[in-house]
Amino acid sequence: MNSVRYEKLTLGFDEEENSYYIADCEKDATIVTIPKQVNGIYIIGIGEYAFQECEKLETVIFPEYDI
């Protein structure tokens, strides 16, 4: 398993941790939602340059997290 699309995000798969991380975002995204898990696999990180090209991004939502 290399990567998977979730809405406007690309999730990379970390085989060591058996988890996803945010790898990339569509350039035209203005809002993204980051769930706790996708397909039963947790998202545990955000890549260093995941949002670098997302110049229009205004809002990031974490609906399932207690922040």
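When a residue number appears, it is its place in the shown sequence, counting from 1. Only heavy atoms go into these numbers, but all of them, side chains included; no hydrogens, no water, no symmetry mates.
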Heavy-atom closest pair (A23 atom, G12 atom, distance to 0.1 Å) is CB-N, 3.8 Å
Would you mind reporting whether T30 and L57 have side-chain heavy atoms less than 4.5 Å apart?
no
4.5 Å side-chain heavy-atom contact, F62 and T33:
no
Spacing of CD1 belonging to I44 relative to CG belonging to N18, to within rounding of 0.5 Å:
9.5 Å
Do V32 and E26 have side chains that approach each other closer than 4.5 Å (heavy atoms only, starting at C-beta)?
no
Nearest atoms (heavy-atom pairs only) where S19 meets Y42:
CB-O, 3.3 Å
Between CG on residue L9 and CD1 on residue I43, distance to nearest 0.5 Å:
7.5 Å
Provide the closest heavy-atom pair for F13 versus Y21 in the form atom of the first, atom of the second, distance.
N-CE2, 3.8 Å
Quick one: CD1 on I61 to CD1 on I34, what's the gap to the nearest 0.5 Å?
10.0 Å
What are the two closest heavy atoms between E7 and R5, and how far apart are they?
O-NH2, 3.5 Å
Supply the atom-to-atom distance E15 CD to E17 CD, rounded to the nearest 0.5 angstrom.
12.0 Å
Rounded distance [0.5 Å steps], CG in N39 versus OH in Y6:
10.0 Å
Hey, what do you get for CG (L11) to CG (N2), rounding to the nearest 0.5 Å?
12.5 Å
